[in-house]
Enquirer: 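Have a look at the structure that comes next, please.
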Amino acid sequence: MSLRAPKGTDDILPPHSRVWRRLLSTWESMAEAYGYDLIMVPFFESTEVFNRGVGESTEVVQKQMYTFEDKKGRSLTLRPEGTAGVVRAFIQAGAQGVMKVAYSGAMFRYEQPQAGRRRQFYQVGLEYLGTDAADADAEVIELGYRYLTATGVPDVTVQLNSLGDDECRPTYIEALRAWLEERRGLLCQDSLRTLEMNPMRVLDCKVCAGVVADAPSPIDYLCEACQTHLSEVRSRLDSAGVPYRLAPRLVRGLDYYTRTAFEYVGSALDAAQTAVGGGGRYDGLAELLGGPPVPGVGLALGVDRIALSVPDAVDPALDVFVVNTDRYRAEARALLSTLRATGIRSDGLPDQRSLKAQFKAADRRGAVAVIVVGDEWESGQVVAKRLDDGSQVVIGSEEIVTWLKSL
RNA sequence: GUGGCCGUAGCUCAGUUCGGUAGAGCACCGGGUUGUGAUCCCGGCUGUCGCGGGUUCAAAUCCCGUCGGUCACCCCA
């Protein structure tokens, strides 16, 4: 047996990779349109970044991290999510003013793989740092929603909740803890454990969903500032035309969230995983990482799951395929260079094959048209053929670009 | 971490019940048409039957072990 990609990792090959290319380029242009600059941060960080940032009580930190020591004995971890590293970078750079940044790339979590859940998976994400204004929350939620809609994810719904802040959350946590303590006997083993560390995450347990259905929601305990914040986020979403549903039980799996928490749910066809993305506000995160107080809000979307939910690309991959008869090899190569220099997506075969083989290759590659360089070249002409309806014309070689653009 | 299903050609799989020459479709290559794809016809290539051991005259098939894949639970993207 030859070597295989490690468990839970995927090769993303053509033609399927064309979907990925579209998802990533759409992300870049949309993030840019909303004013987000590119940020690149390391794929691995000091383990502390995630222990402190993501939270010791989380599933991610307890069971799912790829942690290793480098040759000097430093504990490093492949990033299981993007936010902690970006906030670390902002602090390290001085934490001045406001920063709006977008990124994309691989994340790593040690889990049993299944459809839509891989050990190396890909997220696109963004962070809006340095403001606690509700406009920022709404903007982030809106961008994610528009992106998912634009890329063709069916039936996207936004679930929204507020988890409160330092002011009101302690009161809520105590109320929740007391409520859960009274029902200890009804909770599963896992929940009994998380009850000690982080009672709010018991709401996330599917096994106990029936028990906690009537549990107090953070939304009922919000202080006035948090109430105002939530209602501002909601009214911004309303005026932006972003549909959402309040989800009082939504708490998410990472400890750093304050106030706004949200999730995008889609109807992924073959996968049990319906969450295609999520995010929230994390006003306390920078301080957890040892920095000054820096408010922020962000989101992450799972590219693997989006790719599972959208139809495969059917657009042609090439504008033109250049073929030639035996004597005109050099001329065909020169023509190819010229076409490529003008930005036309063009290709040809790397070796001289029969015309039949060349046409077959053109068809397989998804070309819109074929240009034949043959005897007509002597009078400055080529044969130009459309592959969709089979029609062809003889045109002057200088008219090729015009002809292609008319298709 | 736990459970179900599955490992045979590049891909999807049949063949395993009841041991007896390793198969089909698709894909790929060539030809029909030495200047035309997608359709049609003809031909060709492709295998450590996941791996190791056992039983047997004989194992893809039966037995034991092992590795891998996949789906699902938990949780998340």
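Please read these numbers as outputs of a predicted model, since none were measured by experiment. Numbered from 1 within each chain, the chains take letters A, B, ... in sequence-line order.
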Enquirer: Is the base of B:A77 stacked against the aromatic ring of A:Tyr122, taking ring centres under 5.5 Å apart and planes under 30° as the test?
Expert: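 By the stated criterion, A:Tyr122 and B:A77 do not stack.
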Enquirer: May I ask which nucleotide in the shown strands pairs with B:G3, Watson-Crick or G-U wobble, both distances under 3.5 Å?
Expert: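 B:G3 is paired, partner B:C71.
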Enquirer: Partner lookup for B:G10, please. Criteria are Watson-Crick or G-U wobble with both distances under 3.5 angstrom; report none if nothing qualifies.
Expert: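 Pairing partner: B:C26.
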Enquirer: Would you list the pairs meeting salt bridge (Lys or Arg N to Asp or Glu O under 4.0 Å) in which at least one residue belongs to residues 57-66 of chain A, sequence neighbours left out?
Expert: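 Counting only pairs at least two positions apart or across chains, the salt bridge (Lys or Arg N to Asp or Glu O under 4.0 Å) contacts touching residues 57-66 of chain A are A:Glu59-A:Lys63.
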Enquirer: Would you kindly give the CG-to-P distance between A:Asp388 and B:U39, to the nearest whole Å?
Expert: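 In whole Å, B:U39 P and A:Asp388 CG are 16 Å from each other.
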Enquirer: Can you pull the salt bridge (Lys or Arg N to Asp or Glu O under 4.0 Å) pairs that have at least one residue in residues 332-352 of chain A, sequence neighbours excluded?
Expert: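 Salt bridge (Lys or Arg N to Asp or Glu O under 4.0 Å) check on residues 332-352 of chain A returns A:Asp319-A:Arg345, A:Arg340-A:Asp347, A:Asp347-A:Arg365.
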Enquirer: Report which part of the nucleic acid A:Gly390 touches: base, sugar-phosphate, or nothing (heavy-atom distance under 4.0 Å, all strands).
Expert: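 Base, at least one base atom sits under 4.0 Å.
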Enquirer: Across all strands shown, which nucleotide pairs with B:G20 by Watson-Crick or G-U wobble geometry, both distances under 3.5 Å?
Expert: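 Across any shown strand, B:G20 pairs with B:C57.
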Enquirer: How far, in whole Å, is B:C67 from B:A77 if one measures between their C1' atoms?
Expert: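 After rounding to an integer number of Å, I get 29 Å for this pair.
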Enquirer: Here's one to test your reading of the geometry: is the NZ or CZ of A:Arg119 within 45 degrees of the ring axis of A:Tyr110 and under 6.0 Å from its centre?
Expert: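 Yes, A:Arg119 lies over the aromatic ring of A:Tyr110.
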Enquirer: Would you kindly give the NE2-to-P distance between A:His16 and B:C11, to the nearest whole Å?
Expert: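 Answer to the nearest Å: 17 Å.
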Enquirer: Cation-pi check, A:Arg177 to A:Trp179: give yes when NZ or CZ is under 6.0 Å from the six-membered ring centre and within 45° of the ring axis, no otherwise.
Expert: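 The answer is no; the distance or angle limit is not met.
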Enquirer: Starting from P on B:C5, measure out to CD on A:Gln114 and report it in whole angstrom.
Expert: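 Atom-to-atom, A:Gln114 to B:C5, this comes out as 17 Å.
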Enquirer: Mind checking the C1' distance from B:U8 to B:G1? Whole angstroms is fine.
Expert: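 Taking atom C1' in both B:U8 and B:G1, they lie 32 Å apart.
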Enquirer: For A:Cys188, which contact category applies under a 4.0 Å heavy-atom criterion: base, sugar-phosphate, or nothing?
Expert: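 Result for A:Cys188 = nothing.
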Enquirer: If B:U66 has a Watson-Crick or G-U wobble mate with both distances under 3.5 Å, name it; if not, just say none.
Expert: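 B:G50 - that is the nucleotide pairing with B:U66, both distances being under 3.5 Å.
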Enquirer: Given the C1' atoms of B:C76 and B:C62, what is the spacing between them in whole Å?
Expert: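 Going atom to atom, C1' in each nucleotide, I get 44 Å.
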Enquirer: Please figure out whether A:Gly8 or A:Gly277 has its closest RNA chain B nucleotide nearer the 5' end.
Expert: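 Per heavy-atom nearest nucleotide, the more 5' residue is A:Gly8.
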Enquirer: Going by modelled atom types, is there a donor-acceptor pair between the base of B:C75 and the side chain of A:Arg109 at under 3.5 Å?
Expert: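 No.
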Enquirer: What interatomic distance, in whole Å, is found between C1' of B:A59 and the corresponding atom of B:C42?
Expert: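 Straight-line distance between the two C1' atoms is 37 Å.
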Enquirer: For A:Arg386 and for A:Gln64, locate the closest nucleotide of RNA chain B by heavy-atom distance; then report the residue assigned to the nucleotide nearer the 5' terminus.
Expert: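 By nearest-heavy-atom nucleotide position, the 5'-most residue is A:Arg386.
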Enquirer: For nucleotides B:G47 and B:G23, find the distance between their C1' atoms and express it as a whole number of Å.
Expert: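 That atom pair is separated by 11 Å.
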Enquirer: So, A:Arg118 and A:Asp10, do they make that salt bridge, N to O below 4.0 Å?
Expert: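 Yes, this pair counts.
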Enquirer: What's the gap between B:G10 and B:A27 when it is taken at their C1' atoms, as a whole Å value?
Expert: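 7 Å, rounded to whole Å.
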Enquirer: Using atom P in both nucleotides, what's the gap between B:G50 and B:C11 to the nearest angstrom?
Expert: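 Rounded to whole Å, the distance is 13 Å.
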Enquirer: What is the pairing partner of B:U36, taking Watson-Crick or G-U wobble pairs with both distances under 3.5 Å in any strand?
Expert: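 Paired with no nucleotide.
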Enquirer: Assign A:Arg201 to base, sugar-phosphate, or nothing according to its heavy-atom contacts below 4.0 angstrom with the strands shown.
Expert: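 Result for A:Arg201 = sugar-phosphate.
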Enquirer: Could you pull out all residues at least two apart from A:Tyr145 that satisfy ring-ring contact (aromatic ring centres under 6.0 Å, His included)?
Expert: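 A:Tyr145 satisfies ring-ring contact (aromatic ring centres under 6.0 Å, His included) with no other residue.
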Enquirer: Would you kindly give the CG-to-C1' distance between A:Leu13 and B:G10, to the nearest whole Å?
Expert: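 Whole-Å distance recorded here is 12 Å.
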Enquirer: Provide, to the nearest angstrom, the distance between the CD atom belonging to A:Glu263 and the C1' atom belonging to B:C75.
Expert: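 That distance rounds to 11 Å.
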Enquirer: To the nearest Å, how far apart are A:Glu59 CD and B:U2 P?
Expert: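 Rounded to whole Å, this separation is 15 Å.
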Enquirer: Over how many whole Å does the gap from A:Gln112 atom CD to B:C76 atom P extend?
Expert: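 Between P of B:C76 and CD of A:Gln112: 17 Å.
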Enquirer: By ring-ring contact (aromatic ring centres under 6.0 Å, His included), which residues pair with A:Phe262, not counting sequence neighbours?
Expert: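 Here the qualifying residues are A:Tyr264.
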Enquirer: Without decimals, in angstroms, what is the distance between A:Arg365 CZ and B:C28 P?
Expert: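 Roughly 13 Å, once rounded to whole Å.
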Enquirer: Classify every nucleotide of nucleotides 29-36 of chain B by which part a protein heavy atom approaches to under 4.0 Å, writing B for the base, S for the sugar-phosphate alone and - for neither, in 5'-to-3' order.
Expert: SSBB--BB
Enquirer: Under 6.0 Å from the CD atom of A:Glu32, do we count more than 12 heavy atoms belonging to anything else shown?
Expert: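 Check fails, neighbour count at 12 or below.
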Enquirer: Keeping to residues at least two apart or across chains, list the side-chain hydrogen bond (donor to acceptor under 3.5 Å, both in side chains) pairs with something in residues 390-406 of chain A.
Expert: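 Output for this query lists A:Asp389-A:Ser391.
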Enquirer: What's the gap between B:C63 and B:G7 when it is taken at their P atoms, as a whole Å value?
Expert: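 Going atom to atom, P in each nucleotide, I get 15 Å.
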